[in-house]
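Data block below; observations after.
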Number of protein chains: 4
Amino acid sequence: MSSTPTFRRLPRAVREQQMLDAAVKVFSRRGYHGASMDEIADDAGISKPMVYAYLGTKEELFVACLHREGNRMTQAVTSAVAPDLSADERLWRSLRAFLGFVGAHRDGWAVLYRQARGEQPFAGEIAAMRRRIVEVVTELLDHTLRAEGREAAEVELEVAAYALVGATESVADWLVDHPEADPEQTATRMMNVAWVGAAQLLAGTSWRPPIRRGEAPS
Amino acid sequence: MSSTPTFRRLPRAVREQQMLDAAVKVFSRRGYHGASMDEIADDAGISKPMVYAYLGTKEELFVACLHREGNRMTQAVTSAVAPDLSADERLWRSLRAFLGFVGAHRDGWAVLYRQARGEQPFAGEIAAMRRRIVEVVTELLDHTLRAEGREAAEVELEVAAYALVGATESVADWLVDHPEADPEQTATRMMNVAWVGAAQLLAGTSWRPPIRRGEAPS
Amino acid sequence: MSSTPTFRRLPRAVREQQMLDAAVKVFSRRGYHGASMDEIADDAGISKPMVYAYLGTKEELFVACLHREGNRMTQAVTSAVAPDLSADERLWRSLRAFLGFVGAHRDGWAVLYRQARGEQPFAGEIAAMRRRIVEVVTELLDHTLRAEGREAAEVELEVAAYALVGATESVADWLVDHPEADPEQTATRMMNVAWVGAAQLLAGTSWRPPIRRGEAPS
Amino acid sequence: MSSTPTFRRLPRAVREQQMLDAAVKVFSRRGYHGASMDEIADDAGISKPMVYAYLGTKEELFVACLHREGNRMTQAVTSAVAPDLSADERLWRSLRAFLGFVGAHRDGWAVLYRQARGEQPFAGEIAAMRRRIVEVVTELLDHTLRAEGREAAEVELEVAAYALVGATESVADWLVDHPEADPEQTATRMMNVAWVGAAQLLAGTSWRPPIRRGEAPS
DNA sequence: GATGAATGAGACTTCATTCAT
DNA sequence: TATGAATGAAGTCTCATTCAT
């Protein structure tokens with residue numbers, strides 16, 4: 001009858017993506033608790049039971065969103081780094097790719113990630129994601145350290161990683177909230193603060209707390 | 001009737017503190033949404049209508065908690081820094097005081113702050129708190145910069161501040177989750193990463209993205 | 001103002017009874033699954049949250065009904081039996097009181113009990129109730145047995161008890177479904193069937209399966 | 001197309017049996033309400049619309065199960081009784097066959113029957129089944145009565161039948177819940193309680209309520 | 001001032017049941 | 001014939017919030 005086909009009764013895979021798209025959008029806009037399954041279903045142009053049938057509970061749905069966006073981000077970062085590059089260069093490219101991705105998907109991964117950090121049900125997921133992020137990052141530090149023939153204590157490295165990741169997250173948040181900012185330039189600025197600090201650490205320049213009169217050294 | 005006061009009718013200020021104590025405890029344990037006004041009232045040993053009469057809505061109550069804990073933290077930090085110290089020293093003391101405070105109140109400010117970051121109703125509050133934190137921090141950077149007779153663009157400084165604050169927040173979170181860690185030692189490690197980087201920045205050491213063949217500089 | 005007092009804001013105990021009354025009524029009429037909390041709340045002239053606040057979950061509510069009605073029944077039976085009566089007499093009075101109670105409360109205990117028997121969540125409760133019923137009954141059998149200087153195996157007694165209780169339950173069901181029937185007369189008829197059988201058993205008259213040619217005795 | 005038949009397209013009768021098998025299994029395990037059409041269809045290895053096409057509504061499906069299992073039971077009982085036996089013997093054989101059947105199909109008829117008793121939608125079906133059971137049973141009583149040249153009032157007989165059937169149902173339930181029990185032995189025990197009582201009734205031994213001082217005979 | 005009693009609103013979730021392919 | 005896709009309708013439960021005592 002009509003030249004435009006009816007879009008009902010789509011195959012499962014397609015519908016799932018539509019649902020995830022809608023879910024990401026609504027979660028981003030309203031937050032995990034503020035989002036209602038009704039709105040997500042409406043936005044996906046489908047009835048609620050389908051959402052439950054395909055993607056499960058609200059919690060599971062949120063995790064699914066987090067995973068999909070996280071994978072996309074990871075892929076964007078890893079595909080930007082060739083293994084034959086110098087550690088320095090890989091560092092830079094990763095950061096640029098990461099902030100570039102965040103800037104290009106301002107209502108995607110970064111927002112969900114930020115929300116998930118405060119909610120108890122996602123503690124495990126967040127820990128896992130962070131671990132994966134830290135891995136990508138720490139590998140670079142490790143590489144550089146070993147190339148210089150030096151090493152650092154486990155805890156030492158952990159705190160460093162947390163500081164670097166935290167700094168990057170924070171800048172990513174800032175980027176999300178400043179649509180006018182240029183991701184690449186922001187990446188450059190970022191390199192100038194935290195990563196240069198890390199470089200110093202790697203170079204062996206270390207800072208010691210001053211010892212004052214009347215104050216016992218810890 | 002009797003000259004000895006009934007201990008039920010406490011002065012308003014005391015009651016408010018009891019309620020805030022209970023609220024902070026419950027919010028920390030359960031999260032903003034997970035906490036119920038019932039549990040808070042119970043924990044404060046008071047009836048729900050009293051909580052509403054004194055501290056208002058759940059949202060207002062949470063903000064009140066955030067404020068009280070935030071003020072305590074701010075006070076702990078500012079009281080640790082004397083104005084006649086060198087910028088370097090003030091930097092170190094601030095960080096140490098901050099992480100010391102976080103470590104000493106593991107279920108207080110840091111937890112509430114972390115939770116509030118993902119929830120839209122608190123976006124304004126969080127922005128304000130961050131601004132206050134950044135102020136304390138940036139003042140130090142500013143001071144040092146000017147002492148060296150140098151200056152940085154507004155945006156440049158903003159990104160730097162976000163990176164530093166983000167790194168510190170992240171390490172604070174880490175500290176909350178690692179009760180066995182020593183705050184002072186952690187502060188030292190932190191200095192070695194991010195702040196040394198900032199020092200480099202202040203010193204004029206700056207990093208530039210490499211320019212490769214076939215790749216246009218941005 | 002008006003001479004008729006407003007009946008809102010009743011004390012808890014009163015409201016709980018109202019709710020239980022409504023719940024028993026609705027559960028009896030519609031069955032456990034057919035009943036909706038909405039209808040129960042409506043029928044009690046109260047809002048749903050009150051029902052949940054006072055009496056808990058639907059399942060718990062049903063159990064509460066079962067208990068209240070069960071206790072009433074138990075009390076009706078036990079208060080009809082004086083300890084100084086002969087076992088025979090006590091037997092008769094118990095049965096008469098039981099069927100009398102069932103007949104007088106045709107939408108109470110018996111109906112709930114019948115419903116609960118098929119539903120898995122109440123298996124435990126039903127087992128407990130039955131145990132209590134069997135206790136009241138078996139005590140009488142025990143008494144009589146011992147008075148006659150005889151005894152029976154555990155299993156033997158258990159099957160007998162189940163048969164007697166089942167017979168009584170069945171007759172009670174029949175009574176519920178036949179409003180015109182007279183409970184006392186029914187009790188008399190009942191005595192003539194099952195209890196006389198039990199009496200025979202107690203008297204030592206026992207039945208043996210016939211052994212036929214070509215059939216192995218078990 | 002091919003001469004070898006596809007094993008997917010089974011004849012209707014076979015499919016229906018598969019479905020009923022699955023339905024009986026699931027209903028037994030989960031109860032009427034607890035069972036979902038999804039699980040039944042899955043268990044039958046068939047899609048839901050097929051179940052609806054073949055056996056109709058969930059309610060109809062349950063009734064179909066009840067019927068099939070009921071017929072099997074009835075057949076087991078009737079085929080165990082030859083018409084030329086004495087009434088006594090037929091009584092015994094029926095009971096033995098019945099409990100034997102129940103014991104051999106612990107997740108079949110008895111469970112469904114027990115469940116159906118509490119659910120209103122099946123009131124009619126249950127009444128009908130009971131009528132059929134009672135018929136088989138009462139026929140025996142009737143026969144014996146007449147052989148003895150005696151008779152009993154309609155109601156009298158009805159109550160007796162209900163008591164006997166209830167006792168048997170109860171023992172059947174007990175048997176279902178005690179897999180270790182031996183059906184035949186249980187049948188023997190059963191005979192010793194209720195049926196002996198019935199025999200007494202038939203023999204004319206009748207019990208009368210005692211008349212006490214100050215208590216009017218009803 | 002203080003509280004037990006009360007509720008409106010809405011969330012998530014599950015099913016039996018039916019199209020349209 | 002057979003099925004994946006789809007949904008309307010309900011139901012249970014929880015919570016922030018406010019009367020009326």
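Proteins come first, then strands; the chains are lettered A, B, ... in the order of their sequence lines, and each starts at number 1.
C:R15 places its CZ atom 12 Å from the C1' atom of E:dG4, with the value rounded to the nearest Å. As rounded to whole Å, 13 Å separates atom C1' of E:dA5 from atom CD of C:Q18. Taking atom CD1 on C:I40 and atom C1' on F:dG11, their separation rounds to 12 Å, with Å as the unit. If you measure from atom CD1 of A:I46 to atom C1' of F:dT7, you get 10 Å, rounded to the nearest angstrom. To the nearest angstrom, C1' of E:dT13 lies 20 Å from CZ of A:F62. Distance D:L55 CG to E:dA16 C1': 15 Å, rounded to the nearest Å. In this structure, D:E39 places its CD atom 15 Å from C1' of E:dA16, rounding to the nearest Å.
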message: Could you write out DNA chain E as dot-bracket? Rules: Watson-Crick or G-U wobble, both distances under 3.5 Å, brackets [ ] for crossings, | for pairs with another strand, dot for unpaired.
response: .||||||||||||||||||||
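By the salt bridge (charged side-chain N to carboxylate O under 4.0 Å, His left out) test, B:R106 pairs with no residue at all, sequence neighbours left out. The side chain to side chain donor-acceptor pair (under 3.5 Å) search around A:R130 returns A:E169, B:S170, not counting sequence neighbours. In this structure C:H33 satisfies the side chain to side chain contact (heavy atoms under 4.5 Å, CB included) test together with C:E119, D:H33, D:E119, sequence neighbours excluded. C:Y54 pairs by the ring-ring contact (aromatic ring centres under 6.0 Å, His included) definition with nothing, not counting sequence neighbours. In this structure D:Y113 satisfies the ring-ring contact (aromatic ring centres under 6.0 Å, His included) test together with D:W109, sequence neighbours excluded. For D:Y52, the ring-ring contact (aromatic ring centres under 6.0 Å, His included) criterion is met by no residue, not counting sequence neighbours.
Regarding contacts with the backbone of E:dG1, every side-chain N or O of B:Y54 stays at 4.0 angstrom or more from both OP1 and OP2.
Using the six-membered ring where Trp is involved, C:Y32 and C:F122 have ring planes that are perpendicular, over 60° apart on the 30 and 60° scheme.
When each of B:S47 and C:M50 is assigned the nucleotide of DNA chain E bearing its nearest heavy atom, the one mapping closer to the 5' terminus is B:S47.
Checking E:dT3, E:dA6, F:dT3 against the side-chain heavy atoms of C:L10 singles out E:dA6 as nearest.
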Under 3.5 Å, which N/O atoms of the protein pair with N/O atoms of nucleotides 15-17 of chain F?
unit_1, atom_1, unit_2, atom_2, d
F:dA16, OP1, B:A35, O, 3.2
F:dA16, OP1, B:K58, NZ, 2.6
F:dA16, OP2, B:M37, N, 3.0
F:dT17, OP2, B:Y52, OH, 3.1
F:dT17, OP2, B:K58, N, 3.0
F:dT17, O4, B:K48, NZ, 2.6

Tabulate below the donor-acceptor pairs under 3.5 Å that side-chain atoms of residues 34-51 of chain C make, not counting sequence neighbours, or state none.
unit_1, atom_1, unit_2, atom_2, d
C:S36, OG, C:D38, N, 3.4
C:S36, OG, C:E39, N, 3.1
C:D38, OD2, C:K48, NZ, 3.4
C:E39, OE1, C:R30, NE, 2.9
C:E39, OE2, C:R30, NE, 3.4
C:E39, OE2, C:R30, NH2, 3.2
C:D43, OD1, C:K25, NZ, 3.4

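B:Q115 contributes a side-chain N or O that, together with a main-chain N or O of B:F27, makes up a donor-acceptor pair within less than 3.5 Å.
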